[in-house]
Amino acid sequence: MNIKASLIGDLLQKNPLVQQLIHQRQQDIALLAIVREQLPSAMQIHCVDVKRNGTHLTLYLDSPAWLTRLRFMAIDLAAALTAHEIRMVTGRIRLNTHLATGTRSVTRSAPRITATAAAHLREAAAAETDPELSALFMRLASRHVADSTTSAD
């Protein structure tokens, strides 16, 4: 058997379905730029993607707050996009993963408690007869971090 190995790039360039998907994505990216120009400046960065399906355009926003704002302006936005054969605009939420991963460590840090609260929890753990509740108090007390950022007692 004489089989010649082909580069994957060559195979993808010759595949009509892949070419159709690439063309559609390029059109969506161009439409995203046009849509962002129509949005208020504060909202532009929160529109993370668009998807066109005939005359229906779906905007993907990064939070429910911006989606709510879009609902109030969807009819006007559709009217502004009639030159691009858009008749209806709707929205969906899609988290902007680049922003979400950058803030995860800040927003999901363990809560800190004061030294006084930790001492009270340790005392309650020592006095508690239920071993599970005592262990819970000790786990909570262990969240005390002694540094300059904790609040005053």
Side-chain angles (χ1 to χ4, degrees), residues 1-118 121 132-133 135-153:
M1 198 184 283
N2 189 5
I3 299 175
K4 183 179 177 185
S6 298
L7 295 175
I8 188 126
D10 293 339
L11 293 172
L12 292 176
Q13 288 177 351
K14 293 176 184 174
N15 187 319
L17 178 60
V18 171
Q19 288 303 309
Q20 179 185 358
L21 291 172
I22 290 171
H23 179 69
Q24 177 63 43
R25 185 62 190 146
Q26 288 170 340
Q27 287 180 336
D28 287 346
I29 291 170
L31 193 55
L32 175 61
I34 293 167
V35 167
R36 282 183 174 164
E37 290 175 4
Q38 299 296 321
L39 296 173
S41 59
M43 191 176 189
Q44 291 175 355
I45 193 169
H46 299 283
C47 181
V48 295
D49 201 5
V50 297
K51 181 67 177 159
R52 182 182 189 149
N53 187 6
T55 60
H56 178 239
L57 182 69
T58 303
L59 274 65
Y60 292 91
L61 301 151
D62 63 2
S63 78
W66 294 109
L67 179 60
T68 300
R69 189 164 178 186
L70 173 67
R71 287 182 181 139
F72 286 104
M73 61 185 297
I75 294 172
D76 295 333
L77 184 58
L81 296 171
T82 55
H84 301 282
E85 299 177 5
I86 300 297
R87 304 284 178 256
M88 184 170 61
V89 173
T90 58
R92 296 198 57 165
I93 298 171
R94 178 183 296 166
L95 293 180
N96 189 341
T97 55
H98 178 266
L99 294 176
T101 56
T103 59
R104 178 173 290 141
S105 63
V106 175
T107 58
R108 295 194 182 210
S109 64
R112 297 180 175 184
I113 62 172
T114 64
T116 304
L121 286 167
E132 290 180 13
L133 193 54
L136 173 71
F137 289 156
M138 290 305 291
R139 280 195 307 274
L140 288 172
S142 71
R143 292 187 179 235
H144 169 66
V145 178
D147 65 6
S148 60
T149 62
T150 56
S151 60
D153 292 333

Could you pull out the closest heavy-atom pair between Phe137 and Leu121, with the gap in Å?
CB-O, 3.6 Å
Does Ile75, at its CD1 atom, have more than 12 non-hydrogen atoms belonging to other residues, nucleotides or ligands within less than 6.0 Å?
no
Does Met138 have any side chain to side chain contact (heavy atoms under 4.5 Å, CB included) partners at least two apart in sequence or in another chain, and if so, which?
Arg122, Ala125
Set out, in order, the CA-CA distance, both residues' side-chain angles and the distance that settles side chain to side chain contact (heavy atoms under 4.5 Å, CB included) for Leu77 and Ile86, then state yes or no.
CA-CA 9 Å; Leu77 184 58; Ile86 300 297; over 6 Å; no
Side chain to side chain contact (heavy atoms under 4.5 Å, CB included) between Gln38 and Met43, worked out:
CA-CA 10 Å; Gln38 299 296 321; Met43 191 176 189; over 6 Å; no
Inspect the contact between Arg52 and Asp28 and indicate whether a charged nitrogen and a carboxylate oxygen are less than 4.0 angstrom apart.
no
Kindly give the heavy-atom pair with the smallest separation between Leu59 and Val35, and that separation in Å.
CD2-CG1, 3.7 Å
So, taking the atom named CG in Leu67 and the one named CZ in Arg69, what distance separates them when rounded to the nearest 0.5 Å?
13.0 Å
Counting distance only, does the side-chain N/O of Arg92 pair as donor-acceptor with the main-chain N or O of Thr58 below 3.5 Å?
no
Here the pair of heavy atoms bringing Leu57 nearest to Leu31 is CD1-CD2, 3.4 Å
Leu61 versus Trp66, closest heavy-atom pair with distance:
CD1-O, 3.7 Å
Locate the shortest heavy-atom distance separating Met73 from Pro40; write the atom from each residue and the value.
CE-CD, 3.5 Å
Distance check, rounded to the nearest 0.5 Å: Ile93 atom CD1 versus Thr68 atom OG1?
7.5 Å
Report yes or no: do Gln27 and His23 form a side-chain donor-acceptor pair below 3.5 Å?
yes
How about His56 and Thr90: does a side-chain donor come under 3.5 Å of a side-chain acceptor?
yes
Under the criterion side chain to side chain contact (heavy atoms under 4.5 Å, CB included), I'd like the reasoning laid out for His46 against Leu39: C-alpha separation, chi angles, the key distance, then a yes or no.
CA-CA 10 Å; His46 299 283; Leu39 296 173; over 6 Å; no
Shortest non-hydrogen contact between Cys47 and Leu32, atoms and distance
SG-CD1, 3.8 Å
Side-chain contact, heavy-atom cut-off 4.5 Å: Leu21 with Gln24?
no
Set of residues satisfying salt bridge (Lys or Arg N to Asp or Glu O under 4.0 Å) with respect to Arg87, sequence neighbours excluded:
none
Give, for atom CD of Glu37 and atom CD of Gln44, the distance between the pair rounded to the nearest 0.5 Å.
8.0 Å
